[in-house]
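Here's the structure we're looking at; comments come further down.
Numbering of residues begins at 1 and proceeds along the displayed sequence.
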Amino acid sequence: MTKSMNGKITGSEALMLALKAEGVKTIFGYPGGSIMPVYDALYDYTRGSKKAFDHILVRHEQAATHAAEGFARVSGQVGVALVTSGPGATNTLTGLADAMLDSTPIVVIAGQVPIGALGTDAFQEVDLVGVAQPISKWSYQIRHADDIAWAVSRAFYIARSGRPGPVVLDFPKNAQTEMVEFRPEKVSFVRSYVAYPKLNESAVQQAADLINNAQKPLALVGQGVELGNAQNELVRFLEKADIPAGRTMLGLSALPSTHPLNVGMLGMHGNYAPNMKEQECDVLIAIGMRFSDRVTGNTKTYAKQAKVIHLDIDHSEIDKNVKADVAVIADCKESLPAITALIHKGDHREWRESFKPLQEKEREKVIEPAIHPKQGPLLMGEVVNVVAEATQGDAVLVTDVGQNQLFATRYFKYPKKRSICTSGGLGTMGYGMPAAIGATFGASGRTVCCFMGDGGFQMCIEELGTIMEQQAPVKMILMNNNYLGNVRQWQDMFWKRRKSFTRMKNPCYELIAQGYGIPYAAVTDRKDLKAAVERMLATQGPFILECAILEDDDVLPMTPPGMSVDDMMLEI
């Protein structure tokens with residue numbers, strides 16, 4: 001138990017009070033030698049009259065970061081991961097990189113050897129600040145207990161403000177045990193860090209003028225809308241201007257699936273109509289998105305006919321991949337209403353109607369065969385569709401990476417905001433299950449459906465222990481095709497069907513589920529699918545539903561890598 005002396009407390013208890021001051025209630029972590037004083041202090045703060053936190057013991061430190069990401073994505077709060085030094089700290093690096101690329105606010109607190117031992121190659125010493133700097137918004141070593149209140153407040157301010165992202169606090173053991181008179185601090189300003197750029201009224205007017213004169217405007221909606229909590233502002237803008245909108249994968253729940261101006265998902269495996277129409281529109285309005293290569297394809301041929309308006313909070317994204325004619329650098333919660341106030345009431349019915357033949361072509365050639373096959377083995381699209389219909393739009397979608405991700409994001413439904421957790425920029429296999437665990441704590445009143453392939457499932461299979469212990473109500477849909485499916489598809493399409501080490505020999509997942517005490521069902525015939533999904537959703541707590549999928553089920557449409565958006569394929 002933490003002892004006080006002359007009104008002073010240990011640095012470890014000071015950390016508890018600093019986290020409490022930031023509103024933290026949930027911590028995902030894994031203890032070890034260099035963080036043991038903190039875990040000793042945490043003991044008192046997870047029980048009894050001092051209880052302030054729920055600590056979720058993960059089975060691998062990487063999972064702590066992904067769980068923190070899932071928590072942050074659905075709640076809008078900062079996720080917290082607590083680990084030890086050395087391999088504990090380095091195991092968080094994949095999660096840090098994932099959070100950095102996807103602008104997810106998390107704070108990773110890692111133990112460290114005492115400062116007197118730094119540079120001696122002490123047991124489990126690693127320069128975490130150095131290795132984490134390129135993949136975090138801020139990386140800092142708390143060398144003395146006096147710095148704790150300031151460092152923690154600054155870390156949370158940087159993580160959540162502006163374009164969100166991960167922050168690392170390296171916490172040497174001496175600072176954990178030093179005595180300090182704790183005084184809470186509140187950091188709301190950092191010199192040289194401009195979290196919220198001042199809105200340029202001239203840029204707003206230029207953007208409005210382009211929109212008012214556009215005949216074929218198209219909006220590209222990214223995750224920045226959700227990060228800025230600007231979903232309502234987006235709808236008002238789109239409806240006043242009468243502009244059709246495509247959504248990036250991470251921005252799928254920023255605009256309800258059922259909204260009449262929603263024309264589908266952008267990108268390599270997105271919907272046919274918005275991808276084709278990017279090459280026809282006269283004004284392209286990018287809102288909180290970064291023009292990823294998976295959206296643009298070959299930038300040399302991308303939307304060359306269009307005037308580009310780019311709304312983003314991060315100046316570094318402007319002109320990075322696609323040259324903007326007008327850049328509105330600000331929080332979209334501020335910039336969207338400012339533009340909306342200056343635009344005319346639009347009427348682009350003829351332009352919107354031109355999307356429908358392309359949508360119908362995709363429905364006939366791709367969607368109907370994928371979600372309503374008449375014979376043969378199960379397909380991923382139909383599994384996703386049945387789950388989406390059964391959850392009636394209330395669920396949070398979490399995916400791993402691969403074909404499961406591409407099918408799930410295409411065919412799930414998103415009537416509510418903050419309804420998707422997936423690894424976009426880094427494409428991290430093993431992300432799904434721990435992110436889903438975090439999501440159950442960040443959105444405790446909603447069903448969390450986690451789609452995984454057999455490859456990604458086995459990259460995080462140890463987290464079944466976390467699910468078992470917490471009884472985290474994750475509905476795990478394992479779409480098993482005995483392959484690393486996305487790599488297999490590329491091998492078939494671009495590597496002369498030379499399936500080099502993509503076929504997998506899998507374990508008996510039923511026995512694994514039994515070992516963890518998690519309810520399980522397997523579906524091999526589509527006539528049993530709906531009932532199995534209903535059983536899964538009716539079961540309290542976690543559930544594993546394994547579906548035997550056609551081995552060569554391919555994701556379509558597809559823009560081949562390096563090719564123009566115009567080259568999008570509806571069939572192979």
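A heavy-atom distance below 4.5 Å is found between the side chains of Arg143 and Leu118. Side-chain contact between Met265 and Leu252 is present, with at least one heavy-atom pair separated by less than 4.5 Å. Using a 4.5 Å heavy-atom threshold, the side chains of Ile420 and Leu250 count as separate. Counting heavy atoms from C-beta on, the side chains of Leu15 and Val152 come closer than 4.5 Å. Considering only heavy atoms from C-beta on, Trp150 comes within 4.5 Å of Val187 through its side chain. Counting heavy atoms from C-beta outward, Leu82 and Leu42 have side chains that approach closer than 4.5 Å. Side-chain contact between Ile437 and Gln470: absent, with no pair of heavy atoms (C-beta onward) separated by less than 4.5 Å. Counting heavy atoms from C-beta outward, Phe53 and Val80 have side chains that stay 4.5 Å or more apart.
A donor-acceptor distance shorter than 3.5 angstrom exists from the side chain of Ser12 to the backbone of Gln176, with no hydrogens or angles considered. Checked by atom type and distance alone, the side chain of Asp454 never pairs as donor or acceptor with a backbone atom of Asn480 at under 3.5 Å. Using a distance-only test at 3.5 Å, with no hydrogens or angles considered, a donor-acceptor pair links the side chain of Arg59 to the main chain of Leu57. Looking at Asn91, its side chain does come within 3.5 Å of a backbone N or O of Pro87 through a donor-acceptor pair. Remark: the backbone N or O of Gly465 is not paired with any side-chain donor or acceptor of Glu469 at under 3.5 angstrom. Checking side-chain atoms of Lys173 against main-chain N and O of Gly33 turns up a donor-acceptor pair under 3.5 Å. Proximity of a side-chain donor or acceptor of Ser153 to a complementary backbone N or O of Ala149 within less than 3.5 Å is not detected. A distance-only check finds a donor-acceptor pair linking the side chain of His60 to the backbone of Gln62 [under 3.5 Å].
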Side-chain polar contacts of residues 383-395 - donor-acceptor pairs under 3.5 angstrom, sequence neighbours left out - could you list them?
{"residue": "Thr391", "atom": "OG1", "partner": "Val387", "partner atom": "O", "Å": "3.0"}
{"residue": "Thr391", "atom": "OG1", "partner": "Ala388", "partner atom": "O", "Å": "3.1"}
{"residue": "Asp394", "atom": "OD1", "partner": "Lys416", "partner atom": "NZ", "Å": "2.4"}

What donor-acceptor contacts under 3.5 angstrom involve side-chain atoms of residues 510-520, with partners at least two apart or in another chain?
{"residue": "Tyr520", "atom": "OH", "partner": "Glu546", "partner atom": "OE1", "Å": "2.5"}

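We find the CD1-CG distance between Ile106 and Leu96 to be 5.5 Å, quoted to the nearest 0.5 Å. Rounding to the nearest 0.5 Å gives a distance of 10.5 Å between CZ of Arg290 and CG of Asp312. Taking CE from Met289 and CE from Met249, the interatomic distance works out to 12.5 Å, rounded to the nearest 0.5 Å. For the atom pair Gln403 CD and Ile549 CD1, the distance stands at 9.5 Å (nearest 0.5 Å). Put simply, CG on Leu93 and OG on Ser136 are 9.5 Å apart, with the number rounded to the nearest 0.5 Å. Between Cys460 atom SG and Met452 atom CE the span is 6.0 Å, to the nearest 0.5 Å.
Under the ring-ring contact (aromatic ring centres under 6.0 Å, His included) rule, Phe457 has a single partner from Phe451, Tyr509, Tyr431, which is Tyr509. The one candidate from Leu397, Val448, Val74 that meets the side-chain contact (heavy atoms from CB on, under 4.5 Å) condition with Cys421 is Val74. Just one residue in the list Lys475, Met536, Gln471 forms a side-chain contact (heavy atoms from CB on, under 4.5 Å) with Pro542, and that residue is Gln471.
Side-chain contact of Asn482 with Asn506: a donor-acceptor pair under 3.5 Å is present, judged by distance alone. In this structure, a donor-acceptor pair under 3.5 Å is absent between the side chains of Asp102 and Thr104. Between the side chains of Lys137 and Tyr193, a donor-acceptor pair is found at a separation under 3.5 Å. Side chains of Asn174 and Glu178: a donor on one and an acceptor on the other come within 3.5 Å. There is no side-chain donor-acceptor pair under 3.5 Å between Ser419 and Ser253. Side-chain contact annotation: Glu13 with Thr10, donor-acceptor N/O pair under 3.5 Å absent.
Checked against the 6.0 Å centroid criterion, the rings of Trp138 and Tyr157 do not qualify as a close aromatic pair.
Checked for salt-bridge contact, Glu181 and Arg183 meet the test: a charged N lies under 4.0 Å from a carboxylate O. Between Arg247 and Glu226 there is no salt bridge, since none of the side-chain N atoms of the basic residue sits less than 4.0 Å from a carboxylate O of the acidic one. Salt bridge Glu22/Lys186: present, at least one basic N to carboxylate O contact under 4.0 Å.
Under a cutoff of 6.0 Å and an axis angle of 45°, Arg47 and Tyr43 form a cation-pi pair.
Minimum heavy-atom separation, Thr94 to Leu426: O-CD2, 3.6 Å. Taking every heavy atom of both residues into account, Gln223 and Thr248 meet most closely at N-OG1, 4.0 Å. Closest of all the heavy-atom pairs between Gly111 and Ser85 is O-CB, 3.0 Å. Across all their heavy atoms, Cys450 and Ala436 have their closest contact at CB-CB, 3.8 Å. Nearest heavy-atom pair across Ile477 and Cys547 is CG2-SG, 4.4 Å. Contact between Thr84 and Ser34 at its shortest, heavy atoms only, is OG1-N, 3.1 Å.
Heavy atoms of other residues, nucleotides or ligands lying less than 6.0 angstrom from OH of Tyr30 number 12 at most. Sparse packing is recorded around NZ of Lys198, with 12 or fewer heavy atoms of other residues, nucleotides or ligands lying under 6.0 Å away. Other residues, nucleotides and ligands contribute over 12 non-hydrogen atoms within 6.0 Å of the OH atom of Tyr196.
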Checklist entry - So Tyr45 and Leu17, side-chain contact (heavy atoms from CB on, under 4.5 Å) or not? Walk me through it. => result CA-CA 9 Å; Tyr45 282 84; Leu17 297 179; 3.4 Å; yes
Next on the checklist: Evaluate Arg163 against Leu227 for side-chain contact (heavy atoms from CB on, under 4.5 Å), listing each step before the verdict.
Outcome noted: CA-CA 8 Å; Arg163 181 179 183 174; Leu227 295 175; 5.6 Å; no
Next on the checklist: For a side-chain contact (heavy atoms from CB on, under 4.5 Å) check, start with the C-alpha distance between Arg73 and Val396, then their side-chain angles and the critical distance, and finish with the verdict.
Outcome noted: CA-CA 10 Å; Arg73 292 274 279 271; Val396 173; over 6 Å; no
Item to check | Full working for side-chain contact (heavy atoms from CB on, under 4.5 Å) between Leu19 and Ile109 | outcome: CA-CA 11 Å; Leu19 292 175; Ile109 303 166; 4.0 Å; yes
